[in-house]
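Just below is one structure, and these are the notes that go with it.
Please read all numbers here as calculations on a predicted model, not as lab measurements. We count residues from 1, following the sequence as given. Both counts, for ligands and for their atoms, begin at 1 and track the order of listing.
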Amino acid sequence: MSPFYFGWLRWIMVYNSSIRYIDDSLFIDGIDLASIVRQVSTPTYIYSLKRVGENYRRIREAFAPLAAQIHFSVKANGNLAILRSLSRAGAGFDCVSAGEIDRCLRAGAPAQDIVFAGVGKTRAEIAFAVSAGIGWFNVENLAELHYINSSADDLGVDAVKVALRLNPQVTANTHPYMATGHGAAKFGLTADVIRDILTRQSDYPRLSIAGIHIHIGSQLGDTAATLAALDAALDLLAAHPRIRTINLGGGLPVAYRAHDAQPSLGDLVSELIPRLAGYDVLLEPGRSIVADAGLLVAELLYVKRQAGQVFYIIDASMAELIRPALYDAHHEVAPLRKTDREPVVAQVVGPVCESADVLARDRELPALQAGDHVALMTAGAYGMSMASNYNARPRPAEVVVSESGDNWRVSRRRETFDDLAQSDK
Ligand code: LLP
């Protein structure tokens, strides 16, 4: 977040190219967030399609020397307007369920541009994906290879492309819940199992085992473990020169705090270039494309002073944004209207009946009043996609601001009590 004067009149505080204060109002592109809230109420997720597109292009350009194909990781945000916009921009998609594949197909993505990952694909999901004609299966289980092969047999499909997910036994620098490449993790296959599969490819006549997949975790704090994992994969492939595709997974980090230091994309790519010469490269970024393009707007319901603390009780909770409760994750809290009231140190909490329902702890914020609105920043990734109906709370509305930045629409309406009850007779 950097404050500076623009021209001679306007005070601007910038979160990123799309989200900033103009004078005292928080804007997303050309739209004053307060004007959206007046019509849509809260809690509501709001996304900038412009910022999504910029993030996508920034990553694509950084990886251009590797001609990497980018598959947006749908688990980060499955909003159909975002999927459509990324698909139009040329992205493929990384899915972990038949439900996500279905969403991508509905968004107009060509099936060939979809990769299907996941440690526990059901046989029904495999059949669905084979019949849809998706581009790649990222396989994590020996039995899964048999299932895909027999599905392809049933459907008369040949050369189903498979990447074997290597568990490279490296520990990523991230929250333990987001590390997937260490030996004790449920993810991937060990190198010896992969070696064995590669010598017995004829057991799977309908499959084309053509790639290695590595994804060692999310929000990666440095690049050392990624490079170690890649070296393990390349080591394994030395004996299998026919395999020419490496999928590096996701994991590119974002800054949740204003001055978070980030590993440089350029440095990572420079390290990758000599290693990946001659390989087709796939990537599966999620967070880095959508996190800072979205925020969750909430209303302050009550200010409660108790036991020496100030609680800002807002109408968003761990049901709408679980990251702080689950990972102790940090999201900046920004009032929609700046005030010059004296700051206070507040606990920003939701209405849910759990002590973990704290969105921001010990945060210095301006003194706010009931009825004021705040934005939980950098909430575009793993926000709505992890939202639940806990405490019978309807899931929030989602608003997208157009790529031009000057208009917006509700892309997904707020759930209703009827939505919650209709499948529960
Ligand atoms: N590929 C695979 C195989 C993955 O498991 C993931 C994320 C990605 C790609 C995308 O990773 P990204 O670029 O977004 O880091 N709920 C957590 C994050 C869990 C990530 C799970 N897998 C959070 O809120 O931070």
Side-chain angles (χ1 to χ4, degrees), residues 45 52 55-56 58-60 62-63 68-78 82 86 91-97 100 114-121 136-141 163-168 172-182 185-189 211-223 225-226 229 246-256 260 262-263 265 268 281-294 296 318 320-331 359 376-388:
Y45 276 100
V52 169
N55 285 336
Y56 166 69
R58 181 172 44 79
I59 294 168
R60 193 180 59 188
F63 282 86
Q69 290 172 41
I70 295 178
H71 293 79
F72 170 64
S73 196
V74 177
K75 64 174 81 67
N77 191 322
I82 290 181
L86 283 169
F93 297 95
D94 157 44
C95 297
V96 282
S97 67
E100 286 187 355
I114 293 173
V115 303
F116 185 17
V119 70
K121 305 174 188 77
W136 287 88
F137 282 84
N138 292 338
V139 166
E140 313 208 18
N141 193 306
L164 300 171
R165 179 171 180 178
L166 171 67
N167 183 324
N173 173 9
T174 185
H175 188 283
Y177 292 0
M178 296 179 209
T180 54
H182 54 87
K186 67 181 174 180
F187 300 99
L189 296 159
I212 292 285
H213 176 232
I214 41 176
H215 169 83
I216 58 161
S218 197
Q219 185 67 2
L220 301 173
D222 58 54
T223 56
T226 301
I246 294 202
N247 182 335
L248 293 171
L252 300 174
V254 304
Y256 283 96
D260 276 354
Q262 295 293 294
L265 262 191
L268 172 62
V281 178
L282 271 54
L283 287 181
E284 301 172 343
R287 185 191 316 269
S288 47
I289 291 181
V290 286
D292 72 3
L296 173 62
M318 64 188 286
E320 291 75 35
L321 179 64
I322 201 175
R323 303 192 69 258
L326 192 56
Y327 316 111
D328 206 15
H330 180 99
H331 290 266
L359 283 310
L376 293 150
M377 307 298 284
T378 327
Y382 306 108
M384 182 64 171
S385 64
M386 294 181 81
S388 76

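Inspection of the H215 and R165 side chains reveals no N or O donor paired with an N or O acceptor under 3.5 Å. No hydrogens or angles considered: nothing links the side chains of N167 and E140 as a donor-acceptor pair under 3.5 Å.
Applying the ring-ring contact (aromatic ring centres under 6.0 Å, His included) criterion to F63, with sequence neighbours excluded, gives no partner residue. Scanning for ring-ring contact (aromatic ring centres under 6.0 Å, His included) contacts around H330 gives an empty result, with sequence neighbours left out. With sequence neighbours excluded, no residue satisfies salt bridge (Lys or Arg N to Asp or Glu O under 4.0 Å) with R287.
Using cut-offs of 30° and 60° on the angle between ring planes, the pair F137 and F116 is tilted.
Each of S73, K75, D94, R165, M178, H213, H215, S218, Q219, G250, G251, E284, P285, G286, R287, R323, Y327, Y382, M386 has a non-hydrogen atom positioned under 4.0 Å from some atom of ligand 1.
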